[in-house]
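Shown next, in structure tokens, is the structure this report addresses.
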Amino acid sequence: MRYELVIFDNDGVLVDSEPISNTILAEYLTELGHPTSYHESLRDYMGAAVHRVHDLVEERTGGKLPDDFDETFHSRIFAAFRQELVPVPGVEDVLAGLVADGVAYCVASSGSHERIRVGHLKTGLDQWFEEDWIFSVDDVGRGKPAPDLFLYAAERMGVAPERCVVIEDSPLGVQAAKAAGMDVYGFTSMMPADRLAGVTGLFSDMSQLREMLA
């Protein structure tokens, strides 16, 4: 295999969380007087850290979200995750293949460590990830599309950026991977392929990724 490290995004790549979180986000923003549809939430916030929500709302309206926005938003998401969240179909086969081939992997997410942990515990993916293979926007100063998170993950895993490949499903994540000097494969289960411009390759099913990484 030509890569020494596979870096997975979490939401939408490992856990099927994007429909849940973007439905809740759209509903909450609308409730607060910022009408947002589910598709607008996907367009504007998929793959981003929560600070982007604050930034875009202030940029567009001149107003600020409530001080307890993050706490309320995350409590609603975590409650839904504990009831509904499932792993992305086929991703455990991909992880098993990497283990069998002796290829290192990790997760680098725009979500918090708590969000990753809640999702992995619910879906059983916690068995596939050692604690020091989990990286969050909490660990760096800037989230995607800045390259900081992917570069940090590579450094901590001891692999040069050019020997890494990122698995992403959002335009912001693709931009971050490219800025880090890494190859990136775009998962198109929810995002149209034309929104993931410049990727090394595209796939719509995890069984395809297994073949692409072989």
Side-chain angles (χ1 to χ4, degrees), residues 1 3 5-25 38-39 41-43 45-49 74 77-101 103-130 133-137 143-144 149-150 153 164-174 176-177 182-193 195-196 199-214:
M1 185 175 174
Y3 302 110
L5 176 66
V6 181
I7 304 176
F8 291 93
D9 175 44
N10 188 57
D11 292 290
V13 172
L14 294 176
V15 295
D16 194 15
S17 55
E18 294 293 4
I20 299 171
S21 58
N22 281 282
T23 295
I24 291 171
L25 177 57
Y38 170 72
H39 292 291
S41 182
L42 287 176
R43 179 195 67 199
Y45 305 119
M46 183 171 164
H74 286 128
I77 284 180
F78 295 164
F81 279 6
R82 292 185 176 105
Q83 293 294 319
E84 306 171 39
L85 193 62
V86 296
V88 169
V91 76
E92 291 187 88
D93 290 338
V94 174
L95 297 173
L98 294 175
V99 170
D101 292 340
V103 178
Y105 62 87
C106 65
V107 57
S109 172
S110 292
S112 66
H113 276 287
E114 183 181 11
R115 176 174 173 140
I116 299 168
R117 184 162 51 251
V118 168
H120 285 198
L121 285 171
K122 171 61 173 65
T123 60
L125 291 180
D126 57 308
Q127 66 180 312
W128 293 100
F129 289 89
E130 302 288 343
W133 301 351
I134 299 173
F135 306 101
S136 159
V137 70
K144 305 168 189 179
L149 178 56
F150 290 139
C164 299
V165 62
V166 175
I167 314 303
E168 265 289 353
D169 68 335
S170 74
L172 294 175
V174 169
M182 300 177 181
D183 282 357
V184 54
Y185 287 93
F187 186 32
T188 60
S189 66
M190 290 191 60
M191 187 64 61
R195 297 276 324 271
L196 301 177
V199 295
T200 310
L202 292 165
F203 67 102
S204 59
D205 186 278
M206 282 294 166
S207 63
Q208 296 171 300
L209 179 61
R210 290 180 63 193
E211 296 170 4
M212 296 167 79
L213 292 178

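Hydrogens, waters and symmetry mates play no part in the numbers below; they use all other heavy atoms, side chains included.
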Set out, in order, the CA-CA distance, both residues' side-chain angles and the distance that settles side-chain hydrogen bond (donor to acceptor under 3.5 Å, both in side chains) for Y45 and N22, then state yes or no.
CA-CA 8 Å; Y45 305 119; N22 281 282; over 6 Å; no
List the residues meeting side-chain hydrogen bond (donor to acceptor under 3.5 Å, both in side chains) with W133, not counting sequence neighbours, and say none if there are none.
none
For A193, the side chain to side chain contact (heavy atoms under 4.5 Å, CB included) test, sequence neighbours excluded, returns T188, L202
Evaluate the criterion side chain to side chain contact (heavy atoms under 4.5 Å, CB included) for residue pair C106 and F135; output intermediate values, then yes/no.
CA-CA 8 Å; C106 65; F135 306 101; 3.8 Å; yes
Can you measure from CD (E211) to CZ (F203) and round to the nearest 0.5 angstrom?
11.5 Å
Pairs of donor and acceptor atoms involving the side chains of residues 9-17, under 3.5 Å and at least two apart or interchain, shall be tabulated with distances.
from, atom 1, to, atom 2, distance (Å)
D9, OD1, K144, NZ, 3.0
N10, OD1, H120, NE2, 2.8
D11, OD1, S17, OG, 2.5
D11, OD1, R115, NE, 3.3
D11, OD1, R115, NH2, 3.2
D11, OD2, R115, NE, 3.3

Checking Y105 side chain against W128 main chain: does a donor-acceptor pair fall under 3.5 Å?
yes
In chain order, what residues pass the side chain to side chain contact (heavy atoms under 4.5 Å, CB included) check against S136, with sequence neighbours excluded?
H113, I116, D138, D139
Side chain to side chain contact (heavy atoms under 4.5 Å, CB included) involving A80 - partner list, sequence neighbours excluded
I20, I24, E84
Is the F78 ring parallel, tilted or perpendicular to the H74 ring (thresholds 30°, 60°)?
parallel
Nearest 0.5 angstrom please: S204 OG to L209 CG, how far?
11.0 Å
Applying side chain to side chain contact (heavy atoms under 4.5 Å, CB included), can you list everything that pairs with S207, at least two apart in sequence or on another chain?
D205
